[in-house]
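Okay, so here's the structure we're looking at.
Just so you know, these numbers use all the heavy atoms, side chains as well, and skip hydrogens, waters and symmetry mates.
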Amino acid sequence: MGGIICAETVTGIETMVEETKKLVQKFLAERESDGILGLRKGDWNIIQPHVFTLPEELDALVLDPKWPFAKLAMQILRTAPKEYRLAVICRGCDERAIFELFKRNQIEENRIQIIGIPCSSEQARLCLCERPYPTKLDVGDAVPGVDPFEDAGVKELLMGDDTRRMKRWAQVLKRCIKCYGCRNSCPICVCEPCKLENEVWVRRGSIPTEILSFHLIRAFHLSDSCVACGACQEACPVGIPLQSLQLSMRRALRERYDYIPGCDPVKKSPILGDFVDEPEKDRSIPEWVNTLRE
Amino acid sequence: MTNSITDLAGSECIFIIGSNAAESHPIIMGEIYKAAEKGGTIIVVDPRRTAVAENAHIHLSIEPGTDIPLLAGMMRYIIDEGFYDREFVDARVDGFDDLKEFVAEWSVERAAEECRIPAAVIRNVARIYAEAAESAIVYCMGITQHACGSANVTALCDLAMLCGHVGTEHSGIYPLRGQNNVQGACDMGALPNVYPGYQDVSDHAIKAKFEGAWGRELSGSPGLTVTEMIRSAGREIRGLFIMAENPALSDPDVTHVAQSLASLDFLVVQDIFMTETAKFAHLVLPGGSFAEKTGTFTNTERRFQLVRKAVEPPGNAKDDFSILCLLGTAAGLDFSYTDPRDVMTEIARCAPAYGGVTYERLERQGLQWPCPHEEHPGTPYLHKGRFTRGKGLFVVPRHTPPQEMPDDEYPFYLSTGRMFAHYHTGTMTRRSPFLNRETEMAYAEMNPLDALGIGVGEGDTIRISTRRGSIIVAVRVTCRIASGSIFVPFHFTEARANVLTNPVLDPQAKTPEFKVCAARLEKVIDR
Amino acid sequence: MNLVRTICPYCGTGCGLLLRVVDGTAVATYPDREHPVARGHLCIKGWTAHEFIHHPDRLTSPLVKKGDSFKEISWDDAIKLAMDQLLGIAGKYGGDAVGGLSSAKCTNEENYLFQKMIRAGFHTNNVDHCARL
Amino acid sequence: MTNDEIRGMTLEKNKARQPKILVFACKWCGLIGADGAGRKKLELPVDFRVIPVECAGFVEPDAIIRALASGIDGVVVMGCHIGGCRFNNANHQAIKRLELLKELLDATGIGKERLMISFGTAHEDHQFADIIKDYFRKISGSIRLEPWVESYVPKR
């Protein structure tokens, strides 16, 4: 099955669903996990996340639309008994999020199994996803990623004149209604207590909230862990382009340290280490610091 | 609401008056921002610089209670300059001459003087509203909670009809409903003057129909409204049954409300928590929360939606449906329903507008009434091509200034309202740990100049007094409120804003004037 | 895991919620992506709609006032007491001496039953709710 | 007086004032320079405050964001030179973090120049004075953060 990167999804969506069903059936039959988290098309064609435990339920299994599963999986495991094991049907972003949760000791690796599925190229364009596939594909074929910096909307937000850019960001961020939806839906936001609820960092009880502290602190906390799943942006009722806020930091991480959050379950974030840990020595040290060392 | 919430996203101009949608109806605000992103103009009229005003293109900070002067001035200008929709007015509305006569006395300059905003701004706003291809009006309690609340609403309707901004997909009038099922409670006839489906109680044929359906003789005279019932409690009203309401916190002048409730011969309160009202009850019945019942809610866009039971009521509590069945049976009525479904069937039978509503049809996405029969797809927007009465009618809105204006003794305007983290009387939200952490204390918003004037700063406590009573709250200093006004949210039981409010009512709708009364402020010396 | 599709109990927008129920307890709220208005969005109150459901302050038994305090009674006694008293008042002073405040927090079916009970049971139209407030 | 007039007044006042700068100075380096500059009574701009920290690695990026959100125009972080940190190269980790924060500030149009990182350059009194004076000059040219900083009233 699926080799990484080919021009377009060769396997049709129906075949992919069928293959996934077979795979899930095998999982259930061999009792490799106690339940499989996926999407179910229920009565009246309502699609909802569901934990499949019985083979006869599988007729209702679907793969689309995209639904972020990582946080849900974590929450299910938290309320389940210790020996409960869950398999999750993962897109690229779900897998990356689960890997990041491994690193943060939020999910035990032996309690979760990943069934990797690719996204369609259409979905990848919609999400502006750089890696619309998990590290290991169980069904289907991967499609190439999209460079988010090519997108017109992103260009408007991140490039060009500083003043105009600041006005534009101020305009959209000011709409924040402080629903905490971005935090609640983010698979990586697991801190307890959360800084955003602390009066020291963000003034409570009024909107527009202190946009700089609320949104920049949230964005920066995810600087080296954002898996670009877009859950925050999808959850935002007032349409703040939250995903774009992370893009330049993601790019910097990739360019300076060859690091993409969530691509590896073990590799730790480069900003946690000093220069000794770096792939090329002193790669991350800005030029001006280098000049000072001579 | 004439149209659907999602239609707002396509409007070219959205005129928001007396609504802080960003805090009270945040999801609707999302649709308004979508319209702004598409290039639509957002105009906000509100004495406070609310979160909505902060994000609007134009903000008109009018004097409290001068909505009619503003709207009349706008209409005068629109008529004078010929911006109105002649075709629409000629074909679909009566009474244009009456309206013209009325606005004749409201020149833009006079309106500008009353509202204390520049005349040029009024002209500009009027032109933008009238000339946009499709304009929507969004209003909320800032319009209705005045002694001239119904006239305010009339004026808005006149404005919309004058410009022909009714009956198309993205235009229309959007009154935002404050509670999840206010629309439904009205639809189901929980009103003193109408049966389910807005059928008049004093109409003999309709009364006879319901007498037939319910098997009992019914009263033909309209009953008392909530504010009147509370006021006459202990005199005309001797026994009261209150289901999941909290008038001891939500009604104006709650000190008097408390006296009235205490003087009742018998008071039954059915609620999920021991509310301020329940403390006065002779009998308290434990009801079920939204998660413990099956049924339907109707949202502000007239959409019937299914509520599904998720958990069992705690302890011995029962869901309200079962309690009502028991009570009805005890009252000798035939309440032998086994499932809320049976009730819906009966509703569909006796109210024509909901004739096509069945649970099966609601499962996926709900259904917007009017939906008279099973094949009808529901009605996303009203007044398409024709008004309910045939032709529309311009009704002349008479302006009455607020009943209590600031004077030497009570120099501040006081208005009450909601804030984003809490909801109504706080019975539910104050018990949610997360929301209560967001805002845990009652507060009053005041302008830096006023704060300086009485010598207080952020976090200090002040006493707010009106002719009805006084409360002690913390100060929040902000430029969002104009000098000379204060704003107090009414969610907090420890500082009941409704101790202060003026119980004068709109003569037609009997809505109290929550948005304007006169108050006095004093610094409280630290304990 | 059980996700129950329901409607938010707060404002009139009527957003869709998914309540996650574990062992008879609602533990989390998620937005409903299939809902025609909310489309997977919720506000701060919606996200925390599950928090008050199992609050320890919830009333769990009918209570009758004895002096200054409340005493628990059985449902049968409570229903009988309520109707005896209210029907007694209606008999003594006429139906218009009884009033009912229905609720914008309750379902359509409950509101319908409530107004039917007041109108048919007590021969009065004294029924209203908080739309005016 | 109307609301807008009051807002206008505050804005006017802000335009006239000097930029406000916050300096996080490492105890082993920048703080020594600051001390020296003070003792020698070197000429310095008025509107800056120094917060001594044990190491530049102690400076949370959140604190920098918080400072900008409360109306500070620029933040300087002073630390020891690379290799000279007393705490196992903590200052190098700090650089990595703060450089990432710069990306975020730049993305939102606030500007990279709002945050200056100065490592191993301010341990002498005149060096400290030069850096502060230079930074003041640079930041005076940047536009104010008014569209961001929402009528924030500090707690008493």
Side-chain (Gln305(B)) to main-chain (Gly14(C)) donor-acceptor, under 3.5 angstrom: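 Checking the backbone N and O of Gly14(C) against the side chain of Gln305(B), a donor-acceptor pair under 3.5 Å is found.
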Heavy-atom proximity to chain C below 4.5 Å, by part of Arg177(B):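 Arg177(B) touches chain C through backbone and side-chain heavy atoms alike.
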Please state whether the side chain, the backbone, both or neither of Ile230(B) comes within less than 4.5 Å of a heavy atom of chain C.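 When you check distances to chain C, only side chain atoms of Ile230(B) fall under 4.5 Å.
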If you define the side chain from C-beta out and look only at heavy atoms, does anything of His54(C) sit under 4.5 Å from Pro314(B)?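 A side-chain contact is absent here, since even the closest heavy-atom pair is not under 4.5 Å.
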By ring-ring contact (aromatic ring centres under 6.0 Å, His included) - contacts of Phe514(B) (at least two apart):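 None.
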If we ignore angles and hydrogens, is there a donor and acceptor under 3.5 Å between the side chains of [X] and [Y]?
{"X": "Asn180(B)", "Y": "Lys105(C)", "value": "yes"}
{"X": "Thr13(C)", "Y": "Asn299(B)", "value": "no"}
{"X": "Asn316(B)", "Y": "Thr60(C)", "value": "no"}

So which residues of residues 36-45 of chain C are in contact with chain B at a heavy-atom cut-off of under 4.5 Å?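 Against chain B, the residues of residues 36-45 of chain C that fall inside the cut-off (heavy atoms, under 4.5 Å) are Pro36(C), Val37(C), Ala38(C), Arg39(C), His41(C), Leu42(C), Cys43(C), Ile44(C), Lys45(C).
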Report which part of Ala49(C) has an atom under 4.5 Å of a heavy atom belonging to chain B: side chain, backbone, both, or neither.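 Backbone plus side chain of Ala49(C), per the 4.5 Å heavy-atom cut-off to chain B.
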Against the six-membered ring of Tyr93(C), is Arg238(B) placed for a cation-pi contact (under 6.0 Å from the centre, within 45° of the normal)?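 Yes.
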Give a yes or no on whether a salt bridge exists between Arg364(B) and Glu34(C), defined as a side-chain N under 4.0 angstrom from a carboxylate O.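 Answer for the salt bridge query: yes.
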